Structure formats: structure tokens, C-alpha cells
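Heads up: the structure comes next, in C-alpha cells.
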Amino acid sequence: EVQLVESGGGLVHAGGSLRLSCAASGFIFEDYAIGWFRQAPGKEREGVSTISPSDGSTSYSESVKGRFTISSDNAKNTVYLQMDSLKPEDTAVYYCAADQIYGPNLHLLVSSFGSRGQGTQVIVSS
């Protein structure tokens, strides 16, 4: 059974940083793409970033490119999302998601991945 457990959310001032973690289990880590999407109150889900642990390839939405960095520790089956220069508009619940899928621009699909975690709240105050 695929399990994804997020951690690291919280409250931060604009311009600050947070690092989210997604601990994965129940599947072969390198066979999946893993990433993050977010959902703010009253808004549609937005794909943020993905990584393919097999080759390290990454994908980012334009709204976070240059501010967020996704990485994976394959030995720990964990994906991280380092979020810097946070803005109030980054406030949302962030979900980790995984699927057995390959290709470019996977951040456009991550909100539809087959498995996801429970989410972690990120609040950025102005």
C-alpha cells in the first residue's frame, strides 16, 4: 500500500523559508514520480513541483520556479520541498503525491496522481 506522510508545514512571515518533507513507503521509490500540489481555500488545486528519483529530473510551476527546490533522498525514500522567499499567496495546504508516470512537465499532472498524503498547512503572513 502506497503511503505518503507530509511534515514541515507551519506559519512563517513573508520572505521566510520552510522545508516540507514527504516520507514514502509501500512502493519502489525509484519507479515513481513524486511531487507536491497545493490548494488554497476557495481555489483550484495547483501543481507545484515534481521529481523523478530514478534520474533526478524535476519540474516546477512558473509561480514557484526560482524560489522552491525539490529534492529526494533515495536512501530514506523521502522527498523534500525547500521553499524560500515565501509570499502570502503561497498560503495553502500542500499535498505530497506519487504515481508511476514518466515524462516532462509532470507538475501539470501532480494534482491528479494516484496516491497522495493528508497534507500539511503552510501559512505565510504579510
Side-chain angles (χ1 to χ4, degrees):
E1 178 189 1
V2 173
Q3 288 195 324
L4 303 166
V5 179
E6 303 98 334
S7 61
L11 172 65
V12 64
H13 291 299
S17 298
L18 282 174
R19 189 176 81 155
L20 305 183
S21 299
C22 173
S25 62
F27 61 97
I28 299 174
F29 194 66
E30 290 81 359
D31 285 352
Y32 279 63
I34 303 167
W36 299 87
F37 68 92
R38 64 189 182 187
Q39 188 162 26
K43 294 191 175 181
E44 299 279 326
R45 294 178 183 179
E46 178 189 9
V48 174
S49 182
T50 61
I51 188 167
S52 296
S54 60
D55 63 5
S57 57
T58 60
S59 175
Y60 295 93
S61 68
E62 287 299 320
S63 62
V64 307
K65 195 174 291 184
R67 299 188 298 122
F68 291 10
T69 304
I70 194 169
S71 61
S72 68
D73 184 334
N74 293 9
K76 295 182 178 180
N77 283 6
T78 300
V79 169
Y80 303 98
L81 185 69
Q82 178 66 41
M83 306 187 296
D84 299 319
S85 302
L86 282 161
K87 305 175 181 180
E89 50 263 45
D90 294 318
T91 295
V93 178
Y94 284 70
Y95 296 89
C96 178
D99 211 330
Q100 208 162 8
I101 188 171
Y102 308 95
N105 299 319
L106 290 178
H107 69 279
L108 297 173
L109 302 174
V110 65
S111 62
S112 300
F113 279 11
S115 300
R116 71 176 194 187
Q118 293 298 308
T120 185
Q121 177 76 58
V122 171
I123 300 173
V124 184
S125 63
S126 57

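Quick caveat, the model's predicted, so the values are computed rather than measured. Sequential numbering from 1 along the given sequence is applied to the chain's residues. Any value given below was found using the heavy atoms of this structure, including those in side chains, with hydrogens, waters and symmetry copies removed.
Side-chain contact, Ser63 with Ser61: a donor N or O sits under 3.5 Å from an acceptor N or O. For the residue pair Ser49/His107, the side-chain donor-acceptor check at 3.5 Å is not satisfied.
Leu18 and Ile123 are not part of a single hydrophobic cluster, where members link through side-chain heavy atoms under 4.5 Å apart. Criterion: ILVMFWY side-chain heavy atoms under 4.5 Å apart, direct or through other members. Under it, Val48 and Ile51 are part of a common hydrophobic cluster. No continuous path of hydrophobic side-chain contacts links Leu106 to Ile34 [ILVMFWY only; heavy atoms under 4.5 Å].
Of all heavy-atom pairs between Thr78 and Lys76, the closest is OG1-O, 2.9 Å. A pairwise comparison of heavy atoms in Gly9 and Thr120 identifies N-OG1, 3.2 Å as the closest pair. The minimum heavy-atom distance between Ala24 and Leu4, with the atom names listed, is CB-CD2, 3.8 Å. Minimum interatomic distance between Asn105 and Ser59 (heavy atoms only, all atoms of both residues): CA-OG, 3.3 Å. For the residue pair Ala92 and Arg38, the shortest heavy atom distance occurs at CB-CB, 3.7 Å.
Note that the CG atom of Asp90 and the CD atom of Glu46 stand 8.5 Å from one another [nearest 0.5 Å]. Between Met83 atom CE and Thr69 atom OG1 the span is 11.0 Å, to the nearest 0.5 Å. Taking CZ of Arg19 as the start and OG of Ser71 as the end, the distance is 7.0 Å to the nearest 0.5 Å. Distance check: Ser112 OG to Arg45 CZ gives 7.0 Å after rounding to the nearest 0.5 Å. Note that CD of Gln118 is 11.5 Å distant from SG of Cys96, once rounded to the nearest 0.5 Å. Residue Asp31 holds its CG atom at 5.5 Å from CD of Gln100, rounded to the nearest 0.5 Å.
Looking at heavy atoms from C-beta onward, Thr91 lies in side-chain contact with Gln121 at the 4.5 angstrom threshold. Two residues are said to be in side-chain contact when any heavy atoms from C-beta on lie closer than 4.5 Å; Leu20 and Val122 meet this criterion.
Checked by atom type and distance alone, the side chain of Tyr60 pairs as donor or acceptor with a backbone atom of Ile70 at under 3.5 Å. In this structure a side-chain-to-backbone donor-acceptor pair under 3.5 Å is present from Glu6 to Gly119.
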Query raised in the report: Are Leu86 and Phe68 close enough, and set up right, to give a side chain to side chain contact (heavy atoms under 4.5 Å, CB included), and what steps lead you there?
Result: CA-CA 9 Å; Leu86 282 161; Phe68 291 10; 3.8 Å; yes

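The local environment of CG in Leu108 is crowded, with over 12 non-hydrogen atoms from other residues, nucleotides or ligands closer than 6.0 Å.
For residues 14-43, the pairs satisfying ring-ring contact (aromatic ring centres under 6.0 Å, His included) are Phe27-Tyr32, Phe37-Tyr95, with sequence neighbours left out.
The ring-ring contact (aromatic ring centres under 6.0 Å, His included) check on Tyr94 picks up nothing, with sequence neighbours excluded.
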